[in-house]
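Working notes, structure below.
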Amino acid sequence: MAIQLVTTAAQLRTESARLLTQKGGTSQGLVPTMGALHEGHAQLARTAVEQNDVVVASIFVNPLQFGQAVDLERYPRTLEADLAVLDAEGVDLVFAPGVDEVYPDGEPMVRITAGPMAGKWEGASRPGHFDGALTVVAKLLHYGMPGTAIGGATGAALPAYRAYFGQKDAQQLALVRRMVADLNFPVEIVPVPIVRSPDGLALSSRNRFLSAGEREAALVLSRALRLIEDRANAHEPLDLESAKALVESQPLVELDYFEVVDPRTLEPLAENCKDTPFRGEGLALIAAKVGPVRLIDNVPLDS
Ligand code: PAF
């Protein structure tokens, strides 16, 4: 394996700087993850490797973003397999710190407050989740920052710095972008499209918990999104109600929300969806429980 594993921020800084110098690199990419990697994460890594000279992936199961201790304990830890996935994509360095490295004084006293956009959709059923996620993302963006100017010379240009987030977690992506803009983080956030299995199911670490029947039932989510996308592309009214009815006709699926929202503010675009042809940009968001498993999916609309 060519990939290197480091567990402290000091090692990360030294090794990423050494790699940048060794490669004569001008850019560094960061792929933040919680491990349990699948093809969706591989796509994040692949995109980062295509666009940067040095790529760091982080693997850290962040206690701050879990509501229940039991969910945190149950979260799959698959470091060896994860390293193999990242190595195959050409990632240079993996930062896999322990909780004591990231939170040496216990839970941080000062945190990121994700604000009103965090209280809806996923945030409505997971209070505090996005504050915890943004707090660790802020830390990871600092850890992953390229350490030295190119060549180390005074006045030399700083390396470009990019961080990669999946569009699957659309609310997280919108909040990360907002945090980076509002707080002037010196990083470009690069969104990476959802990866789907051939039958349309969006890849997720949670899919492993679906039975065969539940997995089949879960396909209604991407089908319903596709209906909305097709209508937007055809400049027709979106008719969200009939797409909702399709989801609700599936007995194993319990719909939580299905809305078309503004991709930047996540506010519903309800009026744009009813009787008039859809115009502009939107994001169709869906969340449902399929058996015991909560799934989310979305599709960007541009008409
Ligand atoms: O999307 C994830 O895997 C996590 O929320 C992230 C961004 C790595 C922060 O813990």
Side-chain angles (χ1 to χ4, degrees), residues 7 9 12 29-48 55-68 71-79 81-83 85-86 89 91 93-99 101-103 107-108 111-114 117-118 121-123 125-145 161-180 183 185 187-195 202-208 285 287 294-298:
T7 56
L12 172 61
L30 174 73
V31 181
T33 82
M34 297 209 299
L37 304 184
H38 50 66
E39 178 53 31
H41 299 101
Q43 184 63 37
L44 295 182
R46 203 170 298 141
T47 311
V55 173
V56 177
S58 64
I59 299 180
F60 178 63
V61 183
N62 172 36
L64 290 192
Q65 66 189 82
F66 286 83
Q68 313 261 346
D71 292 340
L72 173 64
E73 275 155 35
R74 273 200 209 131
Y75 198 86
R77 270 94 168 161
T78 56
L79 184 62
D82 295 345
L83 289 177
V85 170
L86 296 170
E89 298 305 334
V91 169
L93 204 51
V94 172
F95 176 50
V99 175
E101 174 70 18
V102 179
Y103 302 120
E107 290 208 357
R111 302 172 187 222
I112 299 288
T113 302
M117 214 176 18
W121 315 126
E122 285 310 284
S125 54
R126 303 174 77 186
H129 166 74
F130 286 115
D131 289 0
L134 286 194
T135 300
V136 84
V137 169
K139 290 179 71 100
L140 293 169
L141 290 174
H142 288 136
Y143 289 133
M145 208 171 269
Y161 181 33
R162 306 182 181 97
Y164 294 78
F165 290 85
Q167 282 178 347
K168 166 106 185 334
D169 291 310
Q171 191 169 5
Q172 172 173 275
L173 172 63
L175 284 163
V176 167
R177 284 176 136 164
R178 197 64 217 227
M179 173 178 76
V180 163
L183 303 182
F185 281 54
V187 60
E188 180 191 345
I189 300 301
V190 182
V192 178
I194 294 178
V195 179
L203 297 195
S204 159
S205 314
R206 296 182 181 182
N207 292 352
R208 69 184 76 188
L285 293 176
R294 184 183 165 79
L295 296 178
I296 57 172
D297 198 351
N298 66 80

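Numbering of ligands and ligand atoms starts at 1, following listing order. The first residue of the sequence shown is numbered 1, and numbering continues consecutively from there.
For the ring-ring contact (aromatic ring centres under 6.0 Å, His included) test, no residue two or more places apart in sequence or in another chain qualifies with Phe130. In terms of the ring-ring contact (aromatic ring centres under 6.0 Å, His included) criterion, residue partners of Phe66 (sequence neighbours excluded) are, by chain and number, Tyr75.
For residues 29-43, every residue pair satisfying the salt bridge (Lys or Arg N to Asp or Glu O under 4.0 Å) rule, not counting sequence neighbours, is listed here: Glu39-Arg46.
A donor and an acceptor atom, one from each side chain of Asp71 and Gln68, are nowhere located under 3.5 Å apart.
With respect to the salt-bridge test (charged N to carboxylate O, under 4.0 angstrom), the residues Glu188 and Arg177 do not qualify.
Here the side chains of Val180 and Leu141 are in contact, with some heavy-atom distance below 4.5 Å.
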What does the contact table look like for ligand 1 (nitrogen or oxygen on each side, cut-off under 3.5 Å)?
unit_1	atom_1	unit_2	atom_2	d
ligand 1	1 (O)	Gln172	NE2	2.8
ligand 1	5 (O)	Gln65	NE2	3.0
ligand 1	5 (O)	Gln172	OE1	2.6
ligand 1	10 (O)	Gln65	OE1	2.7

